[in-house]
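Report on the following structure.
Values below: every heavy atom of this structure, side chains too, minus hydrogens, waters and symmetry copies. Just so we're on the same page: letters track the sequence lines, and every chain starts at 1.
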2 protein chains.
Amino acid sequence: MMFIDACYRKPTPRPPVWIMRQAGRYLPEYREIRAKHSFLEMCGQPEVVREVTLQPIRRFDMDAAIIFSDILLPLTPMGLQLRFAQGEGPVIDNPITTEADVAALRDPDFSKEMDFLAEALKITRAELSKDKALLGFCGAPFTLACYAIQGHGGGNFDYVRRWIYSNQATFRALMKKFTLMTVEYLKMQVAAGANAVQIFDSWGGALSAYDYLQFVFPYVKKIIERTSMLGVPRILFVKNASHFRSFLRTSEAEVIGLDWTMPMEESRNILGEDYAIQGNLDPMILFADKDYVVRRTKAMLEVNYGKPGYIANLGHGIHKETPIEHVAAFVETVKTFDHATGPDF
Amino acid sequence: MMFIDACYRKPTPRPPVWIMRQAGRYLPEYREIRAKHSFLEMCGQPEVVREVTLQPIRRFDMDAAIIFSDILLPLTPMGLQLRFAQGEGPVIDNPITTEADVAALRDPDFSKEMDFLAEALKITRAELSKDKALLGFCGAPFTLACYAIQGHGGGNFDYVRRWIYSNQATFRALMKKFTLMTVEYLKMQVAAGANAVQIFDSWGGALSAYDYLQFVFPYVKKIIERTSMLGVPRILFVKNASHFRSFLRTSEAEVIGLDWTMPMEESRNILGEDYAIQGNLDPMILFADKDYVVRRTKAMLEVNYGKPGYIANLGHGIHKETPIEHVAAFVETVKTFDHATGPDF
């Protein structure tokens, strides 16, 4: 698979392309299904998951499909009461406040408690064309902890940082539980058919470099260490992490995802030869006129001209109001760009 | 003044210290006054402004006072309908949507339309001890534009970025108007007694390095260029700007403010010898126990040990629930740390 080759920095005829949150609300065929089910209902029904996971591939023919799910789902079998409130996004009704709350978190048995996800991966992999990768994913422990502590997403995570500094031992205990859980969660996804996994640390950049290194990064590294034997590439995506890209270099993930704020060439230089990179067009550029979309996509590709280990993507999830024809223009520009193939000897 | 010396990288016996948003809600004496007035009423009354500006100095004896005001106030005389909604923060009821909206913005005459601020600066400067600096400030054009376009703050500025890419010429016209206005606004503040000014680009980091350079930074540079003859130091504070610190190096401001995410030593290396730096403790650390507050403050000071051109501060505005005794511990730690004075020959 071209996608997997690129993860391992092997030469590919062109960069593979996919789009974060590609199975989602910008697609009319997705909205049609979503109108009949709640979000959590959709996640729990393998046939529905397969259908919405494959929708963008049918329309745009990306090189990878990402299983339709949510990073917070594994918190439910741990004992956190997760719901998706209309217009509010995810809410946890019993957020973590004490050491006892952390101690009470359960060790899920994913083979039983999230069998719907394993089944969805299995039937999606069976239908997906063999040259395309199927991606599993998880939230990184810090991002999960942000939701678990704050009870919801968004904001500037002032409360979370305040809580961490004031409850350092409890926070570390929480991070340990989430780390061990995440390793099992990824193992289950790979066993069910995922060809690669992405670890989303969506809120990691809220911390200083020092604090990410002290409180968070050792847990991320542990996940990567303990999933090495699975033999699939791991994509580590830490949003707003410009200030500690040099740590990410020691992560031993195969791929580092770059958000749109991270200059690609500079990031390559910081990360060095051992990493493939993925990204990073600002998703909001897809709202400009089509010529501008193409121009900026080409600029992104130009930076990676002739370099192995590059996966074209946006720098964050696609926005639900994105014009479909501009998504097509983005994918087509990647596919038809004059990509250098490098010396053939 | 020690503060001004530090801005110009002259040797000082210790780093000067102040705290962003130091005149504010974490102080009971502030809340007492605030209970009697709306926020905008307070800003409009010079005696009230003087009082709340000086409150933190009386209590903690910082080396600089920052005039109590808001970056959005100059938008009112330009014709934008600004109000501060309970619990919502600032709201602009007629946000910019078209070229005509930009064309309709007025050129304020600050000597008449914001005479209250000039008067406040004058009477505050008269009462402030001569060894302490009085700071004026403004929002950078992009941050003002975020409010003017979106109509409110917060969020991830998806809408603003989308608007910019789709309305590039109109956006540049808006930036030009805000730039010219800001130059006049700073001139007025310095004429009225400000010894230094801080330019807040609080949302600048939402843009990629490329887009900040294309759409924003030339306007920031213009402001700095056109305020050079005022003879006061300019502090440029762009939040979340780790990914384009190398551009800030060409700003010709005297001081670069660092938020808590930017590693201080690395930032010094990127910015080079021409800049003083200011910052950058995570304000949320002040919620930890006192020993930890002192430990992290010392770590921040240690990095700057013996180096000229350092102003101690938090990495962002102080939170309204911050324990007062930890603010005192922060300031005291700066004042009593064993600061190197460098060779005396």
Side-chain angles (χ1 to χ4, degrees), chain A residues 154-168 204-214 239-247 258-267 279-289 292-293 296 299-300 303 315-317 319-323, chain B residues 154-168 204-214 239-247 258-267 279-289 292-293 296 299-300 303 315-317 319-323:
Chain A
N156 53 12
F157 297 97
D158 275 358
Y159 177 75
V160 172
R161 298 192 334 278
R162 173 176 167 176
W163 193 90
I164 293 171
Y165 300 133
S166 309
N167 298 277
Q168 300 183 20
L207 295 174
S208 76
Y210 174 90
D211 291 303
Y212 195 80
L213 190 62
Q214 285 293 313
K239 202 162 160 288
N240 279 323
S242 291
H243 49 300
F244 50 78
R245 278 171 290 175
S246 52
F247 302 164
L258 304 177
D259 72 29
W260 73 89
T261 69
M262 299 177 187
M264 209 162 239
E265 192 149 19
E266 182 188 277
S267 300
N280 73 346
L281 196 74
D282 183 345
M284 294 300 118
I285 286 177
L286 298 185
F287 287 93
D289 64 68
Y292 193 73
V293 172
R296 293 294 296 267
M300 172 185 89
V303 172
H316 194 218
H319 190 278
K320 63 179 176 178
E321 291 164 15
T322 308
Chain B
N156 52 12
F157 297 97
D158 275 358
Y159 177 75
V160 172
R161 297 193 333 280
R162 173 177 167 175
W163 194 90
I164 293 171
Y165 301 132
S166 309
N167 299 276
Q168 300 183 19
L207 295 175
S208 75
Y210 174 90
D211 291 303
Y212 195 80
L213 190 62
Q214 284 293 314
K239 203 162 160 288
N240 279 323
S242 291
H243 49 301
F244 51 78
R245 278 172 289 175
S246 53
F247 302 164
L258 304 177
D259 73 27
W260 74 90
T261 69
M262 299 178 187
M264 209 162 239
E265 193 149 19
E266 183 188 276
S267 300
N280 71 348
L281 196 74
D282 183 345
M284 294 300 118
I285 286 176
L286 298 184
F287 287 93
D289 64 68
Y292 193 74
V293 172
R296 293 293 296 266
M300 172 185 89
V303 172
H316 194 217
H319 189 279
K320 62 180 176 177
E321 291 164 16
T322 308

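- Between Arg161(B) and Phe287(A) the shortest side-chain heavy-atom distance does not fall below 4.5 Å.
- With sequence neighbours excluded, the residues satisfying side chain to side chain contact (heavy atoms under 4.5 Å, CB included) with Asp289(A) are Asp291(A), Tyr292(A).
- For the pair Met284(B)/Tyr159(A), no side-chain contact is recorded, criterion being any heavy-atom separation below 4.5 Å from C-beta on.
- Of the two parts of Ile285(A), the backbone and the side chain both hold a non-hydrogen atom closer than 4.5 Å to a non-hydrogen atom of chain B.
- Interface residue Ala206(A): only backbone heavy atoms are found under 4.5 Å from chain B.
- Side-chain contact between Tyr165(B) and Asp282(A) is present, with heavy atoms from C-beta onward closer than 4.5 Å.
- In terms of heavy atoms, Pro263(B) sits closest to Ala209(A) at CG-CB, 3.8 Å.
- Taking CG of Asn240(B) as the reference point, atom CG of Asn240(A) lies at 6.0 Å (rounded to 0.5 Å).
- When each of Gln168(B), His316(B), Met262(B) is checked for heavy-atom pairs under 4.5 Å with chain A, Gln168(B) comes out on top.
- Across His243(A) and Ser242(B), no two heavy atoms sit closer than the pair CB-OG, 3.2 Å.
- Ionic pairing of Asp211(B) and Arg296(A) is present here: one or more N-O contacts between side-chain nitrogen and carboxylate oxygen are shorter than 4.0 angstrom.
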